Novice: 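Structure below; questions to follow.
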Amino acid sequence: MTDRTTAGFGIDDISVGPFAHGFGTTDDGRPFTFRTRRATLTVQIYRPDLGEAVPGADDVVATAQAQVTDIDLGDERSVAAFVRDLIHDAIPVPTAVPRDTTTVRSILGRISAVIDGM
């Protein structure tokens with residue numbers, strides 16, 4: 001766990017090692033999570049008005065990925081610095097357009113996909 005800097009960045013929970021993961025808060029107060037999978041560390045930044053709710057895929061506003069081949073995943077400070085740098089490189093995620101789908105329409109769409117595959 002790292003202390004908050006004057007800018008506000010902080011990691012609230014961190015696990016190091018080959019599957020390093022954790023969560024924290026960005027400089028501007030948005031929650032984020034990070035995880036390592038197959039030598040790639042992924043950071044997901046969530047919308048600021050999340051509150052205490054568990055974030056879902058729709059709550060992601062930006063992401064960043066990088067290879068972890070040049071950092072020591074066993075060192076908490078290295079992982080924290082790498083995450084902090086990745087947050088600044090995060091790319092905004094385009095918002096999904098809400099689709100007007102009913103249950104019947106989605107079932108018919110799946111059936112037609114099966115029929116097309118035959």
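All residue numbers in this chain count up from 1 along the given sequence. Because the structure is predicted, anything quoted here is derived from the model rather than measured.
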Novice: Show the nearest heavy-atom pair for residues Thr25 and Phe32, with the distance to one decimal.
Specialist: N-CE2, 3.2 Å
Novice: Is the count of non-hydrogen atoms from other residues, nucleotides or ligands lying under 6.0 Å from Arg47 atom CZ greater than 12?
Specialist: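 Atom CZ in Arg47 is packed in, count exceeds 12.
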Novice: Taking atom CG of Asp49 as the centre, report whether more than 12 heavy atoms of other residues, nucleotides or ligands fall under 6.0 Å from it.
Specialist: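 Enclosed.
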Novice: Starting at CG of Asp89, measure out to CZ of Arg84 and round the result to the nearest 0.5 Å.
Specialist: 12.5 Å
Novice: Write down the atom of Ala90, the atom of Ala64, and the distance for their closest heavy-atom approach.
Specialist: CA-CB, 3.7 Å
Novice: From Gln65 CD over to Arg37 CZ, what is the distance, rounded to the nearest 0.5 angstrom?
Specialist: 11.0 Å
Novice: Between Leu86, Ile14, Ile45, which is the residue that forms a side-chain contact (heavy atoms from CB on, under 4.5 Å) with Phe34?
Specialist: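 Passing option: Ile14.
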Novice: So, Gln44 and Thr63: side-chain donor and acceptor under 3.5 Å apart, yes or no?
Specialist: no
Novice: In terms of hydrophobic clustering (I, L, V, M, F, W, Y; side-chain heavy atoms under 4.5 Å; direct or indirect links), are Ile87 and Ile71 co-clustered?
Specialist: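 Yes, one cluster joins them.
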Novice: Can you tell me how far CZ of Phe23 sits from CG of Asp13, rounded to the nearest 0.5 angstrom?
Specialist: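 It comes to 4.5 Å.
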Novice: Please say yes or no: joined through hydrophobic side-chain contacts below 4.5 Å, possibly via intermediate residues, are Ile11 and Leu73 part of one cluster?
Specialist: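 Same cluster: Ile11 reaches Leu73 through Ile, Leu, Val, Met, Phe, Trp or Tyr contacts under 4.5 Å.
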Novice: For a quick test of reading the model, state the closest non-hydrogen atom pair linking Asp75 to Val16 and the distance between them.
Specialist: C-CG1, 4.1 Å
Novice: Quick one: does Asp59's side chain have a donor or acceptor within less than 3.5 Å of a partner on Gly56's backbone?
Specialist: yes
